[in-house]
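Have a look at the structure below, then the notes.
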Amino acid sequence: MRKKIFIIISSLFLAVSTYTVSNAASLNIGVTGSLATIDASGSETSSVDTGAEASTRSANVENPNVPIGSVFVEFQSDFYGLTLGAEHVPGSADVSDSFKERTDVEASVSGDNTTNTGSRLFKANAEVENLNKVYLELPVMDNFFVRAGLAEIDVNTLEVKSSNGGSYGNTSLDGEVFGAGLKGTAGNMGWKLFYEQTDFDTLKLTSTGNSADSGTNTITADLDVRELKFAIFYSF
């Protein structure tokens, strides 16, 4: 996916490098502010079941009204106003606004031959960062436009494991972008007001570093981001 985004961004800057003042096309550079709702649903499955708890646990999270800012550059062609753009969102955001906790009870501990019970406290959350998008915009009627593109985001698992449990690594997710809205210009300045939804691929991670007795855990999750966005830009 990174390769695809690199190719599209390279194509964008190639188009920009051949742009001249005499063209009816324009180079737009701007900033975007949005209120986002981050939706996540997932489940964790254990390879072992002690009988003290279910081997599969599920959770759903909705984190609304998350403020997000971004910068973008785009090339608006003179071919029906078709626009190719690239957008970057700096910083990070929590998927949930609080840590999720659970306590597991296990019948034995690795390296201990005696029969005993122990409890293990797990804390988990996740954050997303480095959201990058490439997109195409097409004017449909008057000031109305639609857009579609590709996205990539880094997912950092922020779990706090117990002494006998494993941990998950970090990963990146690919996604698809769809949106629609209004666009206007006044001289060299322009604005956009639009809705956008990003649907990411399913996340799947398997824990590492577990003790022999605790087995492994696997999580699968779906992440979607819905945004109401306002952008301003300057055209060259």
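The basis for the numbers below is simple: all heavy atoms, side chains too, and nothing from hydrogens, waters or symmetry mates.
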Are [X] and [Y] linked, directly or through other ILVMFWY residues, by side chains that come within less than 4.5 angstrom of each other?
X	Y	value
V71	L193	yes
L182	Y195	no
L228	V89	no
I153	V177	no

Query raised in the report: Does a side-chain heavy-atom distance below 4.5 Å link Y234 with I29?
Result: no

Query raised in the report: Any side-chain heavy atom of V73 sitting closer than 4.5 Å to one from L27?
Result: yes

Requested in this report: Go through L150 and D174 one step at a time and tell me if the side-chain contact (heavy atoms from CB on, under 4.5 Å) criterion holds.
Outcome: CA-CA 7 Å; L150 303 173; D174 300 333; over 6 Å; no

Query raised in the report: Under 30°, 30 to 60°, or over 60°: which ring-plane class applies to F72 and F233, parallel, tilted or perpendicular?
Result: perpendicular

Of all residues at least two apart in sequence or in a different chain, which pass the side-chain contact (heavy atoms from CB on, under 4.5 Å) check with [X]?
X	result
V146	L138, V140, F144, A180
N170	N156, T157
A148	F178

Requested in this report: Assess whether side-chain contact (heavy atoms from CB on, under 4.5 Å) is satisfied between L223 and F200, documenting all intermediate values.
Outcome: CA-CA 6 Å; L223 177 66; F200 289 99; 4.1 Å; yes

Report summary line: Sorted by chain and number, sequence neighbours left out, salt bridge (charged side-chain N to carboxylate O under 4.0 Å, His left out) with E87 holds for R147, K229

Requested in this report: Mind checking salt bridge (charged side-chain N to carboxylate O under 4.0 Å, His left out) for K183 and listing every partner two or more places apart, or none if nothing turns up?
Outcome: none

Query raised in the report: Is the shortest distance from a Lys or Arg side-chain nitrogen in K133 or E152 to a carboxylate oxygen in the other one below 4.0 Å?
Result: no

**Report entry** E196 with R226: basic N within carboxylate O range, under 4.0 Å
**Finding:** no

Query raised in the report: With distance as the sole test, does T218 use its side chain to make a donor-acceptor pair with the main-chain N or O of T206 at under 3.5 Å?
Result: no

Query raised in the report: Do any N or O atoms from the side chain of T185 and from the backbone of G187 form a donor-acceptor pair under 3.5 angstrom?
Result: no

Rounded distance [0.5 Å steps], [atom1] in [X] versus [atom2] in [Y]:
X	Y	atom1	atom2	answer
S26	F236	OG	CZ	10.5 Å
D201	L173	CG	CG	7.0 Å
E129	S172	CD	OG	9.0 Å

Requested in this report: Name all residues meeting the ring-ring contact (aromatic ring centres under 6.0 Å, His included) criterion together with F145; count only those two or more places apart in sequence or in a different chain, and write none if there are none.
Outcome: F194

**Report entry** Candidate pair Q197 and E227, rule side-chain contact (heavy atoms from CB on, under 4.5 Å), full reasoning
**Finding:** CA-CA 6 Å; Q197 180 165 330; E227 299 177 76; over 6 Å; no

Requested in this report: Under the side-chain contact (heavy atoms from CB on, under 4.5 Å) rule, what do E137 and L82 come out as? Steps first, then yes or no, please.
Outcome: CA-CA 6 Å; E137 286 183 356; L82 187 66; over 6 Å; no

